[in-house]
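Okay, so here's the structure we're looking at.
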Amino acid sequence: MKKIYITILLLLNLIPVVTDDGITITIGEVNAQSMTDEMNYLPEVTCTASAPAPAPVSAPAYVGPDYNVSSEPPSYNPPPTPSDPCAYGGCNSQSSGSSSSNSTSSSTTEQNEDSSDTDEKPKEVDCGTLEKYYAKKSAKTFKEFTELPTLAEVDERNNLPSHYLPQSNTVLPMLNFHASNRFAEAGFTYEYRPGGSFVSDIQLGTTSQVSFPLEARTEALIHSHPMQHEGQPAPGPSPQDFVGLLEARIGQNCYRLNNSYVVAHGGATYALSITSSAKARRFYNQNKGQLGTQNGNFAQGSTFYVEFEAMRNYLKDQGFSSTDAHDAAMAYVLDKNDTGVKLMKKEKGEDEFKPMHTEGSERANGDIKNATPTKCK
Amino acid sequence: MVIVLGSCVSIKTNKPTMLSHNPNYKELKSLNNDTLRYVKYNFYENQHFYTGKSLKVLFNDLEARIVSFTISSMINPIEKSDGVSLTIRYTKYEEEKTNYMKLIIKFDQLYDYDDALELYDSSADPNWGKAQEDFYKDFIVKEIFIYVPEEH
């Protein structure tokens with residue numbers, strides 16, 4: 001089966017997408033002039049396409065000096081034991097989830113003052129049955145992901161008469177290992193097969209991106225967000241992660257793909273879940289000209305960039321940590337634009353994913369007047 | 001005996017720095033006070049004049065009023081910023097409704113997000129003044145974008 005390699009720039013820059021046929025598709029920098037501009041950045045390809053995809057018509061690809069995809073992934077030594085992302089160092093002993101109030105590096109007085117200012121957290125609220133259903137569904141897929149056998153193990157088991165009880169695989173230990181340092185992102189794909197689903201080999205990237213081979217039966221993705229600063233949790237899914245999920249699911253018709261997970265430095269795990277494929281399709285088709293990305297963020301000059309920045313500024317000003325402001329701003333863009341995608345977070349040591357939402361109102365000039373980030377109980 | 005009547009240090013006069021102006025610059029009034037057209041023409045379409053120069057060159061030309069600013073965020077490193085978004089008011093003649101556009105300016109260098117956050121007051125309107133201008137004026141412009149919201 002032909003594969004389409006979609007590069008998901010998880011934190012930075014472009015998405016070169018390369019197929020077995022040598023097709024390179026760049027999804028990236030856009031020079032947006034206004035929202036009304038007609039721009040077509042995203043390639044029209046299918047998840048199982050065999051024909052070369054058309055090149056994008058947007059601006060020349062931006063290639064950051066330090067973030068090119070490495071043709072030869074760095075070698076690594078497997079971690080000795082499964083553990084959390086802090087086990088290999090880099091996390092403050094008091095770090096918990098996305099809190100940075102106690103985990104900020106305190107080498108200077110200024111940083112101590114900053115950390116005391118960043119104690120605002122999303123409020124925990126009761127959520128409806130439907131929200132809980134989505135959370136459980138994402139948690140179920142996540143659990144399956146962490147217990148999938150490899151393809152070789154599936155073949156081995158198919159030759160044996162007995163059934164095997166699910167066992168934890170190396171997905172979480174590996175990703176925790178890669179989230180614990182600042183060297184490279186890593187990830188896996190969940191491949192559905194009627195004869196036995198399996199987990200892909202580990203995909204290694206750079207400090208800011210990792211590429212995934214996607215097939216029509218790819219069920220889910222998972223990757224790590226490495227440490228940026230010692231003692232501070234890494235943020236959850238970036239705008240690029242969101243765009244990458246939609247591009248694969250809708251743009252490339254990977255019809256089974258509904259979940260993209262992030263194991264972040266600091267111990268939190270996030271899920272970006274397509275909870276309404278109809279809404280996601282409508283959003284993607286109506287906005288694909290606005291869904292270019294740049295350095296992991298939405299493209300400058302796009303509506304989503306402005307919304308994301310405005311909310312992040314507002315929340316930072318209200319005392320939220322960089323990570324919490326990032327996550328809540330991401331939830332704001334997803335909710336406000338009725339994207340059909342939900343952001344959920346599982347704190348370190350917890351078992352459940354909790355949907356995150358941010359409601360806000362804007363002034364006429366686009367600044368945020370007020371906002372309330374929440375997380376389901 | 002040698003009498004020295006002066007030092008050998010050359011005396012410098014502090015002439016005021018003359019900021020260069022965009023040779024293609026069109027004044028607001030020459031564009032019928034159409035602020036949207038003015039900003040789009042001078043700072044987006046002719047941005048090549050401002051790139052590589054400090055932001056004060058642009059500020060020196062800008063006739064439109066900045067009412068607010070947004071600190072550009074980065075995903076990695078998350079505590080840094082690589083630009084600023086300036087909100088500018090414009091009014092369409094056929095309507096009395098006030099509209100806003102964003103002049104998004106990216107810099108060559110990164111700066112600490114929290115340094116600019118100290119100057120950011122989400123409750124203030126306008127949220128821009130001399131302190132903010134002084135903070136940003138020496139950053140070197142890398143690229144300029146414009147965002148014009150759709151009218152509702």
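What you see is a predicted model, and the numbers here were worked out from it, not measured in a lab. Protein chains get the first letters and strands the later ones, always in sequence-line order, with residue 1 at the start of each.
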Would you compute the distance between atom CG of N127(B) and atom CG of N365(A) and round it to the nearest 0.5 angstrom? 8.5 Å
Exercise: do Y120(B) and D367(A) side chains pair donor with acceptor under 3.5 Å: no
G301(A) versus Y147(B), closest heavy-atom pair with distance: O-CD1, 3.4 Å
Say you draw a straight line from OH of Y305(A) to OG of S85(B); how long is it, rounded to the nearest 0.5 Å? 6.5 Å
T87(B) versus chain A, heavy atoms under 4.5 Å apart: side chain, backbone, both or neither? side chain
Does the Lys NZ or Arg CZ of R312(A) fall within the cation-pi geometry relative to Y113(B) - under 6.0 Å from the ring centre and within 45° of the axis? yes
What's the shortest heavy-atom distance between P77(B) and H229(A), and which atoms? CB-NE2, 4.3 Å
Go through S73(B), S68(B), G83(B) and name the one with the most non-hydrogen pairs under 4.5 angstrom from chain A. S73(B)
Correct closest heavy-atom pair for Q318(A) and S122(B) would be NE2-OG, 3.4 Å
Please check: side-chain N/O of D317(A) versus main-chain N/O of D121(B), any donor-acceptor pairing under 3.5 Å? no
Could you verify whether a donor N or O on one side chain and an acceptor N or O on the other, from E309(A) and T70(B), lie under 3.5 Å apart? no
Does I78(B) offer a backbone N or O that forms a donor-acceptor pair with the side chain of Q228(A) under 3.5 Å? yes
Between the CE atom in M74(B) and the CG atom in N295(A), the distance rounded to the nearest 0.5 Å is 5.5 Å
Could you check whether atom CD of E359(A) has more than 12 heavy atoms from other residues, nucleotides or ligands sitting under 6.0 Å from it? no
N76(B) CG to Q240(A) CD distance, which is reported to the nearest 0.5 Å: 13.0 Å
Once rounded to the nearest 0.5 Å, what's the spacing between atom CD1 of I104(B) and atom OG of S302(A)? 7.5 Å
First locate atom NZ of K369(A), then atom OG of S123(B), and finally report the distance between them rounded to the nearest 0.5 Å. 12.5 Å
